[in-house]
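Residue numbers begin at 1 in each chain, while the letters A, B, ... track the order of the sequences.
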Number of protein chains: 2
Amino acid sequence: MNMNKKNSADAGQSPKTLRRRLHPDDRRQQIIDGAVAFFAEVGLDGKTRDLAKKIGITQSLLFKYFATKDALIEAVYEQVYLNRLSPEWTHRIADRSIPLRDRILAFYSDYSRLIFEYNWMRIFMFSGLAGAELNRRYLDHMHQMILRPLLEEIRVAASGSAVPTMEDLWNLHGGIVYIGIRQHIYRMPYTADPNEAIERSVNRFLSAFSVETA
Amino acid sequence: MNMNKKNSADAGQSPKTLRRRLHPDDRRQQIIDGAVAFFAEVGLDGKTRDLAKKIGITQSLLFKYFATKDALIEAVYEQVYLNRLSPEWTHRIADRSIPLRDRILAFYSDYSRLIFEYNWMRIFMFSGLAGAELNRRYLDHMHQMILRPLLEEIRVAASGSAVPTMEDLWNLHGGIVYIGIRQHIYRMPYTADPNEAIERSVNRFLSAFSVETA
DNA sequence: AATGTTGTTGATCATTTGATCTATAACTGA
DNA sequence: TCAGTTATAGATCAAATGATCAACAACATT
């Protein structure tokens, strides 16, 4: 009756679970990657047992690498948020040797790769709803490092009498971000080319302030 | 040691809780209202005990009015989603006796009262992330009953060569909705006047397609 | 091959949580 | 005033869930 210990010589059933021993760094990263995908899908209230099953490890192992579930979620935040807004963009936006329109399109071409990503978009929304401090900081960073310089550049380039406000810029930004929200939060079928939509949106915005668009 | 049953004659402590008896209809509505506010704040994974405490009733009473927690959430959806998009708007948008710009501004003036509402915005987002069918239906309704007629009207009114696409319209829409997202999802401090931002956004959009804006 | 280290598992604990059940008390009508 | 009805509270159940711990086995070293 006791099927413990290595007496399985006759039944011949191979050990159900190949117990693979990973280097702690690799295992930790594997858990984080799995957790990002998992929590992005079901939300931060996802259960540790479900996560473990999805990764293919035991639930108890999670707690060998992260003291608490909150600590794991913190690691998820870190993985998702870290190095997302390159500080280089602040400078590139202000580089007047390049046409303003090109600078904006270059930024959003780069940035859209981020916001149109399933895991990012959903974890950003989940953490935002949960009131995570990180969201506020991220948006503040977006405001200070991207939109504010951008506002200044557009004001300088505006040749008409109309000049944009910061609220106008958030409107431009929001319209673009909303593409990702429709895709990944609301899961609406999306067939169009996001880059084209972005380009048209930017063009409309600039022409409203008489920034040459062609 | 047995402090059960009516042997509390000496301690004389008045009944802690005035047990108020409400008409079932009233109680049910009270629960729904409380649930809307509660789930909007903490998410649909909020615990029934916390909800009961917030309402000021016992947790068991919740299950006298709703068989399961899911049934309660369904009632919350119903309360929040029902009668949100007046079918009248489909006609008002197509009423060419009124300048197009006025029609659009009238719609968003009305609609923004909805999307800038805390409970609505957050429950819509929570349910969207949870994959609720109702979201899909709502957005589809928005597409068919509002944006599609709107697209047609703008195309007719466009006097230039440029003509908007449906994607352009979603961009306009998204930029406006994003105001509510910033306010209620990300809880960013918001001081500006939303109506002004909306008006400027609509004006930019229309002028891009040579629809007289003044 | 024997041994030591440690990454991993399975069982288990203590709470939490959705849901149920019985006793109670607030309101109604005679 | 008193009995009947039922809305409500409090205790409790069973499953779920975050977290712990001793035992095991995979890999490295000798």
Original post:
Using the ring of each side chain (for Trp, its six-membered ring), is Tyr111(A) parallel, tilted or perpendicular to Phe107(A), with breaks at 30° and 60°?
Top reply: parallel
Original post:
Do the rings of His143(A) and Trp170(A) sit parallel, tilted or perpendicular, given the 30° and 60° boundaries?
Top reply: parallel
**OP:** Output yes when Arg200(A) and Asp168(B) qualify as a salt bridge under the 4.0 Å nitrogen-oxygen rule, no when they do not.
**Re:** yes
**OP:** Check whether any side-chain N or O of Tyr65(B) sits under 4.0 Å from OP1 or OP2 of dT8(D), and answer yes or no.
**Re:** yes
**OP:** Please list, by residue number, the residues of residues 27-36 of chain A whose heavy atoms come closer than 4.0 Å to an atom of DNA chain D; answer none if no residue qualifies.
**Re:** none
I need the [atom1]-[atom2] distance between [X] and [N], as an integer number of Å.
X	N	atom1	atom2	value
Lys53(B)	dT16(C)	NZ	C1'	13 Å
Leu51(B)	dT17(C)	CG	P	13 Å
Leu22(B)	dT28(C)	CG	C1'	16 Å
Leu61(A)	dA25(D)	CG	P	16 Å

Subject >> Donor on one side chain, acceptor on other, Gln29(A) and Asp25(A), under 3.5 Å >> reply: no
**OP:** Answer yes if the side chains of Ser127(A) and Tyr81(A) hold a donor-acceptor pair under 3.5 Å, and no otherwise.
**Re:** yes
Original post:
Reading nucleotides 16-21 of chain D from the 5' end, what letters show protein touch, with B for base, S for backbone sugar-phosphate only, - for no heavy atom under 4.0 Å?
Top reply: -BBBBB
**OP:** Just grab all the ring-ring contact (aromatic ring centres under 6.0 Å, His included) pairs involving residues 36-80 of chain A, residues at least two apart or on different chains.
**Re:** none
Original post:
Hey, does Leu62(A) reach any base, or is it just sugar-phosphate, or nothing, if we go heavy atoms under 4.0 Å?
Top reply: nothing
**OP:** May I ask you to test the Met125(A)-Ile181(A) pair for a side-chain heavy-atom distance under 4.5 Å?
**Re:** yes
Original post:
Which nucleotide sits closest to the side chain of Arg21(B): dT6(C), dA25(C), dT9(C)?
Top reply: dA25(C)
**OP:** Return the minimal non-hydrogen interatomic distance between Thr48(A) and Leu62(A), and the atom names on each side.
**Re:** O-CD1, 3.5 Å
